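A short write-up of the structure that comes next.
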Amino acid sequence: MEIKPHVGFKDIKFGLSKSQIIEILGEPDSEDTSNFEDGSSDIAMVYNELGVTLVFSSEDDFKLSSVTFYTSDATLIGEQFIGKSEEFLLETAKEKGIDDLFLDDDFEELEAKDYASEKLGLAFWVQQGVLDSITIFPEYDAQGEEIIWPS
């Protein structure tokens, strides 16, 4: 699945290291580390101008393992979703062939919902009825256990 936020972003592929990303995009505007109870950790590199956050997980040997877009300029299947209503997301996703979209979680206290397409490796974060961001994940094997890293 390809999301197009910016011309220079085409060289970004899952499995790249932080240093490879910096060679392509330059230094991030910020970098945050999250440590989890299971001993794993994530490093998030934020590029504000591009409207993107790149996440490197210890579980994936700190290879690029998810990309979140939050710019309304980003297109998915030729459509701009970010900044549009939840209803637009639900209607247009079906029209564009995202036929397995489901409500993964409802965070009522945050007025937020997380929709997902497991088949396409997509997550859609809706805040106060408006699509705030889209996250893409790498392709997994048939069992859904191992990432198929690009060669």
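Model, not experiment: these values are computed from the prediction. Computation of the quantities below employed the complete heavy-atom set of this structure, encompassing side-chain atoms and omitting hydrogens, waters and symmetry-equivalent molecules.
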Is the shortest side-chain heavy-atom distance between [X] and [Y] below 4.5 Å?
X: Val46; Y: Glu31; answer: no
X: Asp32; Y: Ile43; answer: no
X: Ile134; Y: Tyr70; answer: no
X: Ile12; Y: Leu64; answer: yes
X: Leu16; Y: Trp149; answer: no
X: Glu27; Y: Met45; answer: no
X: Ser41; Y: Phe62; answer: yes
X: Lys119; Y: Asp99; answer: yes

If I take atom [atom1] from residue [X] and atom [atom2] from residue [Y], how far apart are they, to the nearest 0.5 angstrom?
X: Ser40; Y: Asp60; atom1: OG; atom2: CG; value: 10.0 Å
X: Glu108; Y: Lys113; atom1: CD; atom2: NZ; value: 8.5 Å
X: Asp29; Y: Glu49; atom1: CG; atom2: CD; value: 8.0 Å
X: Leu54; Y: Leu25; atom1: CG; atom2: CG; value: 6.5 Å
X: Glu86; Y: Lys84; atom1: CD; atom2: NZ; value: 15.0 Å
X: Ile24; Y: Ser19; atom1: CD1; atom2: OG; value: 10.0 Å

**Report entry** Identified side chain to side chain contact (heavy atoms under 4.5 Å, CB included) counterpart of Tyr115 within the set Asp104, Asp106, Asp105, Leu89
**Finding:** Leu89
Just distance, no hydrogens or angles: give the donor-acceptor pairs under 3.5 Å from side chains in residues 121-133, sequence neighbours left out.
| from | atom 1 | to | atom 2 | distance (Å) |
| --- | --- | --- | --- | --- |
| Trp125 | NE1 | Gln127 | OE1 | 3.0 |
| Gln127 | NE2 | Leu110 | O | 2.7 |

Where is the tightest heavy-atom contact between [X] and [Y], given as atom of each residue plus distance?
X: Ala93; Y: Leu101; result: CB-CD2, 3.8 Å
X: Ser65; Y: Pro138; result: O-CD, 3.1 Å
X: Ile82; Y: Phe69; result: CD1-O, 3.2 Å

Side-chain donor or acceptor of [X] paired with backbone N/O of [Y] under 3.5 Å:
X: Thr92; Y: Phe88; value: yes
X: Lys94; Y: Leu90; value: no
X: Asp100; Y: Glu118; value: yes
X: Asp61; Y: Lys63; value: no
X: Gln20; Y: Ser17; value: yes
X: Thr71; Y: Val52; value: no

Query raised in the report: Just wondering, more than 12 heavy atoms not from Glu37 lying within 6.0 Å of its CD?
Result: no
Query raised in the report: Will you find, in the side chains of Ser57 and Asp42, an N or O donor that is under 3.5 Å from an N or O acceptor?
Result: yes
Requested in this report: Could you verify whether a donor N or O on one side chain and an acceptor N or O on the other, from Thr53 and Thr68, lie under 3.5 Å apart?
Outcome: no
Count I, L, V, M, F, W, Y as connected when their side-chain heavy atoms are under 4.5 Å apart, and connections chain through other members. Are [X] and [Y] then in the same cluster?
X: Ile98; Y: Leu103; result: yes
X: Tyr140; Y: Val67; result: yes
X: Phe14; Y: Leu50; result: yes

